[in-house]
Amino acid sequence: MTADTPGWETVVGLEVHCELRTATKLFCGCPNRFGQEPNTQICPVCTGQPGSLPVLNRMAVEMAMRIGLALHCRIEPSIFHRKNYFYPDMPKDYQVSQYDQPINIDGWLELPSGGRIGIERAHLEEDTGKITHVGGAGRIHDASHSLIDYNRAGVPLVEIVSRPDIRSAAQARDYVAELRSILVATGASDGKMEEGSLRVDANVSVRPRGSTEFGTRAEIKNVNSLRSLVRAIEYEAARQIGVLSDGGRVTLETRHWDEAGGRTTSGRTKEQSEDYRYFPEPDLVPVAPDAAWLGRVEAAMPVLPAARRSRLAQATGAPGEDIAVLVETGLDELVLAAVAAGADARTAVNRATNEVAGALETGTPPPPATFARLVKMETEGALTATQAKTVLADMLRDGGEPEELARQRGFEALASDALADAVSAVIEANPAEWERFKAGEAKVAGFFVGQVMKATRGNADGGAVTAELRRRAGI
Amino acid sequence: MTPPAPGSGSAAGARPGRSAVETADAVRAGRLTAAAVLEEHLAAIEARESELHAFNLVLADRARAEAAAVDESVAAGRDPGRLAGVTVALKDNLCTRGVETTCSSRILEGWKPPYDATVVTRLRQEGAVVVGKTNLDEFAMGSSTENSAFGPTRNPHDPTRVPGGSSGGSAAAVAAGFAGLALGSDTGGSIRQPAALCGVVGLKPTYGLVSRYGLIAFASSLDQIGPFAGTVADAALLLEVIAGHDAMDSTSLDAPAPSLLEGLDGGVEGLRIGVVSELMDGVEPAAAAAVEAAAHALSAAGAKVDRVSVPAAVYGLSAYYLIAPAEASSNLARYDGVRYGLRSEGPGGSADVAAMFAATRAAGFGDEVKRRIMLGTYALSAGYYDAYYGQAQRVRTLIIRDFDAAYRSFDILLSPTTPGPAFELDAKTSDPMAMYLSDVCTIPTNLAGHPAVTVPWWPEGSGLPLGIQVLAPALGEAVMLRAAAALEAAAP
Amino acid sequence: MSPESRPSISRDDVAHVAHLARLTLTPEEIERFTGQLAAVLGHAEDVAALDLAGVEPTAHPLPLMNVLREDEVRPCLDRDEVLAQAPAAEEGRFRVPRILGEAP
Ligand SMILES: [Mg+2]
Ligand SMILES: [Zn+2]
């Protein structure tokens with residue numbers, strides 16, 4: 001059984017915790033840096049030393065505002081509450097978080113595929129420390145004891161809570177992918193799910209197709225990648241459909257995604273949930289951005305993915321998938337700059353989408369002007385497509401200028417003179433075929449291209465050869 | 001009976017014969033050494049500390065080093081600061097780097113903070129000499145200093161009686177001449193009530209005037225650090241030193257430290273003074289009579305005195321005993337045996353972390369702390385928040401409104417500091433509610449965030465002091481202290 | 001809820017609250033605290049019973065707003081100094097007994 005089971009509809013709402021890319025933590029001046037030696041990024045405040053007090057980081061507020069603006073939220077006067085519960089990764093045994101007066105409320109996100117997902121709120125809160133379980137293969141229940149590192153405690157988070165507007169695992173993936181590129185674009189996040197800077201909880205329920213009521217939901221935790229998000233939602237929806245089809249009832253509970261087992265396992269039920277005893281944090285004062293402050297943040301907003309997609313589409317006419325990849329990978333600026341420098345749009349899109357995007361992990365994209373020259377060399381026939389890809393791969397790996405790299409590779413023979421010579425020689429050697437081509441037998445072109453390729457050992461560009469043949473035949 | 005004048009050798013014992021203002025002047029001018037001042041206080045401590053138990057920790061060696069540094073400074077022609085050579089005792093809920101800070105609780109026994117409270121830094125910058133950490137009701141929860149895990153402090157004027165609390169150790173230290181000045185914290189009267197019962201000046205500043213950074217929190221929206229002193233001028237001097245904006249405390253007022261000593265002797269001519277009716281009801285006749293006498297004296301000095309009503313003040317105690325425990329229940333959650341202080345794993349020994357938390361807190365906290373944590377947890381819990389915590393916060397609004405109304409007609413207000421003089425040890429320990437009532441006159445100002453000061457008043461024929469409380473609107477410290485100085489001059 | 005209809009705090013309430021507050025209490029302590037808390041809450045009924053529908057709550061005695069810190073790094077504490085105060089530490093981290101429950 002799958003989530004696409006006829007007669008059932010999956011309903012998903014997502015809570016995404018986004019670590020902000022500030023220099024310091026939310027309430028103290030400790031560095032907000034990942035991967036440092038344990039307990040070296042700590043101070044009285046973020047270790048909950050008696051007598052210490054929090055002071056709010058202006059940049060964290062501004063990043064939260066940027067996120068709110070990007071998600072079309074209203075930015076409201078906000079206050080912090082204390083969420084009281086005991087857990088050893090929380091230095092004060094309460095989390096400072098925005099509760100009933102969050103900074104951002106009531107927005108939406110537009111999916112690249114169309115359709116809007118409502119955003120209920122996007123609020124500021126502090127992260128917890130990191131627990132390492134010792135013994136029992138690092139699993140919580142079999143561990144002999146645990147160790148705590150407070151470097152992450154107090155790192156600023158924005159929690160973005162969607163409305164339950166998502167209707168499939170694929171749509172959930174698209175939502176998170178789009179949200180991720182928005183967050184990266186605002187400069188608020190590095191988007192690294194694998195380092196935990198984006199963490200997703202999914203509220204999943206199912207209902208008979210056509211029903212307008214919501215079913216009982218389960219909250220799925222521990223989803224660490226887009227791939228596991230899709231798997232977890234599909235698994236959970238199918239599980240719930242199974243339960244309901246058998247006449248059972250879905251329990252309101254948290255469930256853990258077990259990546260290795262490919263399933264969700266039961267966690268805490270709502271009855272066992274803590275009474276958090278929220279109350280206004282007396283050590284902090286309200287945050288109420290005035291028009292001037294809001295205006296400054298608004299003015300500094302970058303162009304967001306949706307706008308970047310339409311800008312790129314307009315400039316290149318490229319297909320939607322390519323546009324999405326380029327904006328997602330941030331290569332839209334490269335393509336736009338190359339086009340502005342006179343490069344052919346389609347070729348620039350192709351090289352950026354296929355070669356540059358594919359090598360982002362290992363290589364560095366060339367400067368736009370350099371990239372533009374490479375694209376021009378290809379469109380003007382100085383390089384064949386194959387050669388252009390080779391030169392670009394060299395550029396991504398080692399840097400350098402396309403002309404110089406082409407010369408090193410021996411691709412300079414492809415100047416148009418050399419091509420013309422090769423075509424002349426092939427025509428001379430095959431007069432009967434040439435007569436047929438001139439008479440309008442278009443498929444003979446393939447024969448000539450093949451012969452020219454053979455003569456140039458593959459260094460000719462098929463398109464350029466055909467163009468030369470047509471020019472000479474006067475057709 | 002006159003208050004124990006410096007050097008008078010009264011019941012309070014051997015308070016050195018000069019005020020802090022005089023000490024600092026003499027030390028800065030090189031007429032007196034900080035070392036000599038300190039030795040006088042250490043001698044007083046030697047004489048009576050075992051009887052009174054004002055301190056959790058006496059820092060004789062450190063203090064000697066600090067005093068020597070002050071004297072070296074003077075010898076080198078430098079100015080050690082406005083508190084040059086003045087000894088100061090710190091309530092043991094103020095963090096001192098590397099020096100044990102316990103809150104008089106088993107749960108923090110032996111804890112050495114990794115940082116100094118802002119007030120401690122400011123004292124050092126002005127040449128003060130820290131003599132020790134004073135006893136308190138555990139986590140400042142109490143009105144008699146009997147809730148200390150390390151035993152009670154006794155009243156220097158009558159050691160069978162309590163010094164008041166929670167800053168009983170600081171009050172007793174100043175009254176007994178163990179230190180020239182002391183710092184305490186006041187959440188519901190914890191400076192003013194013990195100051196009154198020990199016959200010294202005690203001041204709770206406007207909320208936000210003194211940084212709370214490094215004050216171990218009891219109830220964050222109420223706590224303020226303030227001075228204990230032998231005279232109003234000394235209290236003003238100490239407040240000038242510790243007041244002023246601190247970027248480490250978000251609730252610190254962004255205003256320059258007030259100038260208080262200047263104009264202190266300006267008198268009360270033309271000042272409009274209201275005696276708060278609600279705070280006169282239900283106090284002992286002697287306490288009410290003392291306020292009447294004080295009002296009379298101020299009137300004779302040229303003030304216009306009248307009665308005033310602050311109707312919502314009668315709800316102060318109830319609202320306080322919901323708000324303060326609620327905040328405390330959260331502030332004290334961090335004592336869980338993970339990062340500092342006590343850890344207990346319970347009888348079994350191999351507990352899981354949740355069992356360790358509960359065993360640690362059960363072993364580390366005393367009864368009063370447990371009571372307030374539970375009261376506060378209850379007041380915040382699902383289903384009760386609106387009726388208790390939410391309602392108490394609304395009462396707080398009413399109290400602020402009613403004070404605002406009173407201050408439209410009056411410059412300052414007057415009331416008893418406590419319902420009566422110091423009570424016997426153990427008189428109220430088994431009845432929390434009776435103990436809570438000790439703070440009925442001091443609590444409303446904490447809820448409003450306003451300043452108040454108590455001035456000693458020795459009723460004729462009594463061996464025990466009372467206090468007259470002078471209340472002022474937010475940031476009204478200057479006028480409040482001017483009236484307090486007039487009262488001090490007029491006191492019997 | 002009016003004061004007449006609010007039941008006084010029960011032993012079960014006290015036991016529940018003690019659990020929320022992570023305090024192990026003996027049955028005798030629960031018994032004693034129940035009476036003492038009931039007395040304080042009884043006193044608070046005057047406040048609970050007030051009709052304050054139109055009154056805004058005051059969380060803070062000061063009208064401060066937008067108190068912010070610049071995003072600038074400050075010195076951290078020395079790890080050894082901090083860990084020296086911990087009841088148990090191991091490999092530069094705070095050591096705790098095994099954790100049975102998941103984080104809420
Ligand atoms: Mg959250
Ligand atoms: Zn920190």
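Because only heavy atoms are used, hydrogens play no part in the values below, and waters and symmetry mates are left out as well, while side chains stay in. Within every chain, numbering begins at 1; the chains are lettered A, B, ... in the order of the sequence lines, protein sequences first and strands thereafter.
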Tell me whether [X] contacts the main-chain N or O of [Y] through its side chain, where contact means a donor paired with an acceptor under 3.5 Å.
X	Y	answer
B/S250	A/P54	yes
B/R334	A/Q49	yes
A/D275	B/A382	yes

Can you find a pair of side-chain heavy atoms, one from [X] and one from [Y], that are under 4.5 Å apart?
X	Y	value
A/L53	B/R212	yes
A/Y276	B/L380	no
A/F86	B/R361	yes
A/H145	B/V353	no
B/T251	A/D283	no

Which answer fits B/N93, side chain, backbone, both or neither, if we ask what part of it has an atom under 4.5 Å from a heavy atom of chain A?
->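 Neither; nothing under 4.5 Å.
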
Measure across [X] and [Y] and return the closest heavy-atom pair with its distance rounded to 0.1 Å.
X	Y	value
A/F279	B/Y389	CD1-OH, 3.6 Å
B/Y115	A/P50	OH-O, 2.7 Å
A/R82	B/E327	NH1-O, 4.1 Å

Does any heavy atom of chain B fall under 4.5 Å from the side chain of A/Y94, the backbone, both, or neither of them?
->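 Contact with chain B involves the side chain of A/Y94 alone.
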
Does any heavy atom of chain B fall under 4.5 Å from the side chain of A/F27, the backbone, both, or neither of them?
->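 A/F27 has no heavy atom closer than 4.5 Å to chain B.
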
Between CG of B/D336 and CE of A/M90, what distance do you get to the nearest 0.5 Å?
->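 Those atoms lie 9.5 Å apart.
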
Specify which of B/S381, B/G214, B/S330 makes the most heavy-atom pairs with chain A at under 4.5 Å.
->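 Ranked by heavy-atom pairs under 4.5 Å with chain A, first place is B/S330.
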
Top residue by heavy-atom pair count (under 4.5 Å) with chain A, among B/L94, B/D249, B/L108, B/T101?
->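 Among the listed options, the one with the most contacts to chain A is B/D249.
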
